[in-house]
Amino acid sequence: MYDLNNELLGKPHSSELEVIIGDIRNKERMQRLFAHAKPDIIYHAAAYKHVPLMESNPSEAIKTNVEGTRNLVDCALEFEVGKFVMISTDKAVNPTNVMGASKRIAEMYAQLANQKGQAKFITTRFGNVLGSNGSVIPLFQKQIEQGGPITLTDERITRFFMTIPEACQLVLEAGAMGEGGEVFVFDMGESVKIIDLAKKMIKLNGLELGKDIEIKVTGLRPGEKLYEELLADDENTLPTHHPLILKAKVREIEASIEKEIDELIQLFGTQDNHKLVAKMKSLVPEYVSNNSEFEKLDKK
């Protein structure tokens, strides 16, 4: 937020911009913010997105990704916002980890809210954004600068990638075209083998693999998938007028889900990871843990 504020200062119309610090987990703060700003459009990108960290801290994933989203969605309804664009993730599809499941539950709450008031709730799903915080390229570059090794969890692992400008433009366009209730999926092209990315970065840095630097395979981290998906098994896509934006055909969310989400949030106080994750699995039946202590909770 500090960097953003500095970047915007002195730009055209900067006097009309206001940078405000707040915590989406604090509903009273959000209500005051909405009353003050009276927003027409919300782009909700605040979330914990790191898979291994959330696998170790499920209560925080629920507090921020689920309860934080609920607070914003409720404020959008209360203050009659025009559009609410939720930034989700490909990891919400057939989740294998706490982070992805928490984002799927947040999607469900937003979808349900679309039937309640004038606000239009729209979800966007896409994969990894190059150069964003926590992305693999800055990590690899740092490892190269330190002389290696470059660490890779599995030689077979693949990911979808897009640049920050591409992601931002598609989010804005999806928000503009959405009529409410849609889950938009971005066409991210072909998935990339991470080992090929590592080798290319080594070459671009003028180094030789095996001579100047090594690649070390460390094994999949808790909750990590080999391959990401952009659609769930029981979903398919419909084209839109935009060639890179598809509309996912998703199942209807039942009203009873709201009570179950409330129950999940209430479980935060227990700080019992297994109770929390078991409840998440009951809310998202397709959530099957991978390489995680929570695999024992899955029905065989």
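In this chain, numbering begins with 1 at the start of the sequence shown.
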In terms of hydrophobic clusters joined by side-chain contacts under 4.5 Å, are I194 and Y227 together? yes
If you measure from [atom1] on [X] to [atom2] on [Y], what distance do you get to the nearest 0.5 Å?
X    : Y    : atom1 : atom2 : value
L220 : S292 : CG    : OG    : 12.0 Å
R159 : L197 : CZ    : CG    : 12.0 Å
Q31  : C75  : CD    : SG    : 5.0 Å

Could you check L246, V171, T240, L170 and say which one makes a side chain to side chain contact (heavy atoms under 4.5 Å, CB included) with F184? T240
Does either side chain, that of [X] or that of [Y], offer a donor lying less than 3.5 Å from an acceptor on the other one?
X    : Y    : result
H36  : E18  : yes
Q143 : T151 : yes
E173 : Q169 : yes
S102 : N65  : yes
S289 : K296 : no

Compare every heavy atom of R125 with every heavy atom of S88, then report the nearest pair and how far apart it is. CB-CG, 4.0 Å
Over all heavy atoms of both residues, which pair between A106 and M86 is shortest? Give the atoms and the distance, please. CB-CE, 3.4 Å
Considering only heavy atoms from C-beta outward, does the side chain of [X] approach that of [Y] to under 4.5 Å?
X    : Y    : result
H274 : F294 : yes
T153 : E224 : yes
I257 : Y109 : no

Do the charged groups of R29 and D23 touch, with an N to O distance under 4.0 Å? no
Parallel, tilted or perpendicular, judged at 30° and 60°: which one describes the rings of F34 and F79? tilted
